[in-house]
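Accompanying notes for the structure given below.
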Amino acid sequence: MKKVLILDGNSLAFRAFYALPLLTTSEGKYTNALYGFTNMLFKMKEEINPDYIFAAFDRKALTFRHLEYKDYKAGRKKMPSELAEQFPRIKQMLSIMNIKIYEIEGYEADDIIGTIADKCGASGMEVYVVTGDRDALQLASDNINVVITKKGVSETESYTKERMMEEFKVTPQQFIDVKGLMGDKSDNIPGVPGVGEKTAFKLIAEYGSIENVLENIDKISGKKLKENLEAFKEQAVHSKHLATIVKDVPIEFNIEDIKVSEADAKELKKFIIQYQMKSLLNKLPECGEDTEEIKTDINYEKIDSNEKLKSFVDSIKDISFISYELKGTERFSTKVIDNLYVLTGGKSYVIEYSKIENEVESLDLLKKYFEKDEIKKVVHDCKNLITVLSKMNIEVKGMIFDTAISAYLLDSAKQNYSLPKLVNDYLCEDVDEVDSDIKIIENSFMSRLYETLKSKIEEQQMEKLLYEVEMPLCFVLSAMESAGFNVNRNKLDELEVKFREEIDKTQRIIYELCDEEFNINSPKQLGKILFEKLDLPIIKKTKTGYSTNAEVLEKLADKHPVIEKIIYFRQITKIYSTYVEGLKQVIDKDGKIHSSFNQTVTTTGRLSSTDPNLQNIPIKYEMGREIRKVFIPNNEDDIILSADYSQIELRVLAHMAGDENMINAFAHHTDIHTKTASEVFNVPIEEVTSLLRSRAKAVNFGIVYGISDFSLSQDLHITRKEAKQYMDAYFERYPKVKEYLDKTIVDAKKDGYALTILNRKRYIPEISASNKIVKALGERLAMNAPIQGSAADIIKLAMIHVYDELKKNKFKSEIILQVHDELILNVKQNEFEQVKLLVKTEMENALKLHVGLDVDINTGNTWYEAK
DNA sequence: AACGTCACG
DNA sequence: ACGTACGTGACGTTA
């Protein structure tokens with residue numbers, strides 16, 4: 001089947017312009033849109049390998065849409081000149097590539113594309129429309145693919161009709177109706193007021209079209225919605241018309257005009273060099289062998305065959321510096337190596353791994369390199385590399401240094417640890433974000449960065465933390481990500497229905513109680529209803545208006561019956577959107593959820609989990625806790641095992657403070673909150689009531705966070721004075737804790753940072769601020785960082801030990817999750833007793849403290865049961 | 001993109 | 001006389 005590639009010129013240029021930093025040539029000509037556009041074109045051409053190709057552009061002239069609707073695209077800012085000047089260059093590049101350009105007075109690029117795509121589609125060709133604009137989705141059909149750029153221009157998502165129906169539950173045709181209802185701000189298409197994305201999709205999915213919605217207006221629930229639809233009937237229909245891409249643009253079109261033909265290679269190279277887009281040179285589509293003719297100052301060796309790869313691997317002696325690019329936009333399972341950039345022996349190499357033919361041989365060569373322990377590897381962000389390599393059955397050895405992690409240990413407060421940023425921060429060299437990987441390798445920045453970071457790590461005495469904790473941990477995290485958490489999709493579907501019904505029901509009651517329909521999810525609209533219409537007392541304000549958070553609602557609960565319903569609504573919509581809908585989106589092809597565990601995010605040394613976050617799955621309330629029933633073992637016979645440290649933070653505090661009283665309590669396995677209650681309230685252990693215990697628990701929490709009497713009083717609903725008394729009593733009974741916390745603050749003021757048990761450092765500039773509030777914050781940070789951070793140190797050690805032991809014993813059970821003070825494992829039934837003991841032992845003995853560590857183990861057939 | 005909110009330890 | 005717990009990430013709304 002013949003393939004047609006269609007480029008939405010304007011849209012792609014815009015996308016590239018805003019996604020990339022403002023690159024210029026040395027003469028100051030802007031090139032970022034040109035660069036991004038060209039890069040994208042090369043990529044699509046290679047991926048799709050089309051037989052026909054063209055690009056469509058908008059014309060300055062007004063379109064029929066402007067004529068029909070004077071406000072069309074009103075309010076849209078003028079194109080910045082930095083972008084405008086790049087359009088001629090983009091068109092020049094297209095012409096060098098022999099790609100035909102269509103632009104027609106009175107029509108937008110979309111319309112031209114729609115017209116031609118339709119024609120080609122009708123004659124049985126496979127069409128690919130590449131654009132940055134979601135509006136084009138209406139063009140999708142069985143053989144018209146709409147490829148939308150994501151995250152700049154390098155990643156794309158391809159939509160067929162089928163894919164659309166799956167994701168949006170409407171047909172491409174109906175997508176227009178949706179837009180007609182909800183409008184479009186950027187085009188200034190009005191739509192129907194009060195109808196947002198959600199409502200629009202819902203209505204169209206149910207009724208099929210705007211016209212049919214209007215015909216069935218009586219059946220639609222929601223008074224306000226009905227009124228709006230009625231009142232803005234015509235506007236809706238007109239909006240739909242405006243949003244419709246026309247498919248009958250008068251155009252002289254001959255398929256032969258757009259046939260792909262070889263670019264003039266020399267011209268193209270000249271052009272690329274003229275605009276100083278050197279890195280595009282090695283992405284040039286194959287075009288003749290006259291490469292030597294043009295001089296460039298490239299100084300790396302390109303490796304694109306097994307012969308070259310072999311001699312490269314053979315030549316490496318001791319140490320190599322690596323950065324890399326992965327390919328694959330889908331979820332977790334499909335990522336593979338695209339390019340590897342290696343600096344070794346003073347030479348730079350670009351290994352175009354994904355382009356090398358004969359996979360068996362190249363894999364073997366790669367394996368030889370990565371599995372050789374004598375060849376040391378310095379990598380920026382090694383975890384992902386370890387992951388893809390292990391999928392290729394390569395077990396990396398000699399991974400000695402990760403520049404990202406080292407920089408994180410040196411200062412955990414940075415916003416990001418990208419390679420160019422580190423080069424800038426530590427070497428004072430400026431590197432463009434674009435193609436920074438190869439630039440950093442070929443200029444030997446990577447090796448200089450290594451030397452610099454390494455000596456700083458040594459200065460700070462963080463070698464142990466880096467080499468024995470964080471580096472080995474990379475492998476554990478990689479394995480956890482690969483393992484994933486198996487889920488029961490049916491259960492999730494079941495919960496979806498259940499919660500959906502409950503939401504609808506609650507929503508109706510709230511509308512009735514308020515005698516009005518509004519968006520309950522909007523704090524602004526809710527505030528208006530509660531504090532203006534219902535005239536409830538204003539408890540708290542935010543910068544932008546009334547506060548309506550749970551704490552406030554709690555206080556209003558007895559003032560009006562709707563409050564209780566709103567609290568319930570909040571709870572349930574949270575569960576529904578974040579945990580039911582959210583998790584459904586991220587189930588991988590293998591039926592599992594693969595979260596990412598980030599090692600360089602938190603200031604204290606904890607891990608974080610994203611995409612999805614599996615560290616905040618509900619547990620406190622039964623309704624949310626149900627979500628945990630979705631998480632199941634890999635196989636029917638396997639078992640979910642959860643092992644959690646009991647009171648690890650308070651134990652860490654007891655250890656660091658050396659407080660005998662507290663250490664003793666733990667040594668005798670006394671319930672620590674009961675013990676604290678007995679101390680603070682001066683009653684025998686046996687007489688501690690549950691109220692006293694819960695108050696003591698709050699005090700303990702407060703201590704860990706860096707306490708203030710005010711917050712404690714808020715938390716416990718007691719007076720500030722009482723709170724102060726609690727704290728005084730506490731410190732009297734645990735005098736060394738008081739001493740320790742005071743000393744931590746003094747030290748932090750003196751040194752500017754706080755340290756954990758394993759010498760993890762957190763800088764606390766706040767502590768020497770002149771602003772009292774900031775300073776107080778600094779003091780709390782100084783108290784909390786060593787506690788939270790040391791607990792993180794301990795569980796990281798435990799993870800490494802558990803992982804190593806499982807491996808050593810060739811167990812098939814694996815760690816699948818860490819939630820700050822607990823580990824979750826998928827355990828094979830026949831390994832159960834051994835693994836259970838192993839986990840408990842390794843966790844409790846992760847680090848020798850003045851106080852013992854206690855681990856509780858729970859197991860079950862779902863995560864829910866392992867409580 | 002910022003804000004408010006809320007899920008977890 | 002101030003304003004206040006520590007650490008995260010995701011979602012929906014609004015500007």
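Owing to the predicted nature of the structure, the values given are computational and were not obtained by experimental measurement. Naming: A, B, ... by sequence-line order, numbering from 1 per chain.
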Contact under 4.0 Å: [X] side-chain N or O vs [N] OP1/OP2:
{"X": "A:Ser708", "N": "C:dA5", "answer": "no"}
{"X": "A:Arg780", "N": "C:dC6", "answer": "yes"}
{"X": "A:Gln525", "N": "C:dT14", "answer": "yes"}
{"X": "A:Arg762", "N": "C:dC6", "answer": "no"}
{"X": "A:Thr548", "N": "B:dT5", "answer": "yes"}
{"X": "A:Thr603", "N": "C:dT8", "answer": "yes"}
{"X": "A:Ser608", "N": "C:dG9", "answer": "yes"}
{"X": "A:Lys543", "N": "B:dC3", "answer": "yes"}
{"X": "A:Lys620", "N": "B:dC8", "answer": "yes"}
{"X": "A:Ser595", "N": "C:dG9", "answer": "no"}
{"X": "A:Lys772", "N": "C:dT4", "answer": "no"}

Exercise. Once you round to the nearest 0.5 Å, how far does CG of A:Leu712 lie from CD1 of A:Ile707?
Worked result: 5.0 Å
Seminar exercise, completed: In this structure, CZ of A:Arg760 is separated from OG1 of A:Thr603 (nearest 0.5 Å) by 10.5 Å
Under 4.0 Å, counting only non-hydrogen atoms across every strand here, what does [X] touch: a base, just sugar-phosphate, or nothing?
{"X": "A:Ala723", "value": "nothing"}
{"X": "A:Gly702", "value": "base"}
{"X": "A:Asn519", "value": "sugar-phosphate"}
{"X": "A:Val601", "value": "sugar-phosphate"}
{"X": "A:Thr573", "value": "nothing"}
{"X": "A:Glu581", "value": "nothing"}
{"X": "A:Ile575", "value": "nothing"}
{"X": "A:Asn613", "value": "sugar-phosphate"}
{"X": "A:Leu607", "value": "nothing"}
{"X": "A:Ser522", "value": "sugar-phosphate"}
{"X": "A:Ala792", "value": "nothing"}
{"X": "A:Ile619", "value": "sugar-phosphate"}
{"X": "A:Leu777", "value": "sugar-phosphate"}
{"X": "A:Arg625", "value": "nothing"}

Problem set entry | Residue closer to the 5' end of DNA chain C, A:Ala776 versus A:Asn784 (nearest nucleotide) | A:Ala776
Problem set entry | Polar pair under 3.5 Å, donor/acceptor by atom type, side chain A:Asn616, base C:dA10 | no
Problem set entry | A:Gln788 (side chain) and C:dC6 (base): donor-acceptor pair under 3.5 Å | yes
For [X] and [N], what is the distance between atoms [atom1] and [atom2] respectively, to the nearest whole Å?
{"X": "A:Leu614", "N": "C:dT8", "atom1": "CG", "atom2": "P", "value": "18 Å"}
{"X": "A:Gln585", "N": "C:dC11", "atom1": "CD", "atom2": "C1'", "value": "12 Å"}
{"X": "A:Met727", "N": "C:dT4", "atom1": "CE", "atom2": "C1'", "value": "12 Å"}
{"X": "A:Asn598", "N": "C:dG7", "atom1": "CG", "atom2": "P", "value": "17 Å"}
{"X": "A:Leu530", "N": "B:dG4", "atom1": "CG", "atom2": "C1'", "value": "15 Å"}
{"X": "A:Asp611", "N": "C:dC11", "atom1": "CG", "atom2": "P", "value": "9 Å"}
{"X": "A:Lys574", "N": "B:dA7", "atom1": "NZ", "atom2": "C1'", "value": "5 Å"}
{"X": "A:Leu716", "N": "C:dT4", "atom1": "CG", "atom2": "P", "value": "18 Å"}

Exercise. Would you say the side chains of A:Glu502 and A:Tyr576 form a donor-acceptor pair under 3.5 Å?
Worked result: no
Exercise. Side chains of A:Tyr511 and A:Gln507: donor-acceptor distance under 3.5 Å anywhere?
Worked result: yes
For this session: Taking atom C1' in both C:dC2 and B:dC6, compute the distance separating them and give it to the nearest angstrom.
Result: 28 Å
Exercise. B:dA7 and C:dG3: how far apart are their P atoms, nearest whole angstrom?
Worked result: 28 Å
From the set [options], return the single nucleotide nearest to any side-chain atom of [X].
{"X": "A:Gln571", "options": "B:dA7, B:dT5, C:dA5", "answer": "B:dA7"}
{"X": "A:Phe701", "options": "B:dT5, B:dG9, C:dA5", "answer": "C:dA5"}
{"X": "A:Thr544", "options": "C:dA10, B:dG4, C:dG12", "answer": "B:dG4"}
{"X": "A:Thr602", "options": "C:dG7, B:dG9, C:dA10", "answer": "C:dG7"}
{"X": "A:Ser577", "options": "B:dC8, B:dG9, C:dG12", "answer": "C:dG12"}

Exercise. Salt-bridged, A:Lys629 to A:Glu626, with N to O below 4.0 Å?
Worked result: yes
Problem set entry | Test: A:Arg508 and A:Asp504 ion pair at under 4.0 Å | no
Exercise. Can you find a heavy atom in the side chain of A:Glu649 that is under 4.5 Å from one in the side chain of A:Asp821?
Worked result: no
Exercise. Would you say A:Lys540 and A:Lys555 make side-chain contact, with heavy atoms under 4.5 Å?
Worked result: no
Exercise. With both distances under 3.5 Å as the test, what is the Watson-Crick or G-U wobble partner of C:dT4?
Worked result: none
For this session: Quick one: look up who B:dT5 pairs with, Watson-Crick or G-U, both distances under 3.5 Å, and put none if it's unpaired.
Result: C:dA10
Exercise. Quick one: is the NZ or CZ of A:Lys867 closer than 6.0 Å to the six-membered ring centre of A:Tyr864, and within 45° of its axis?
Worked result: yes
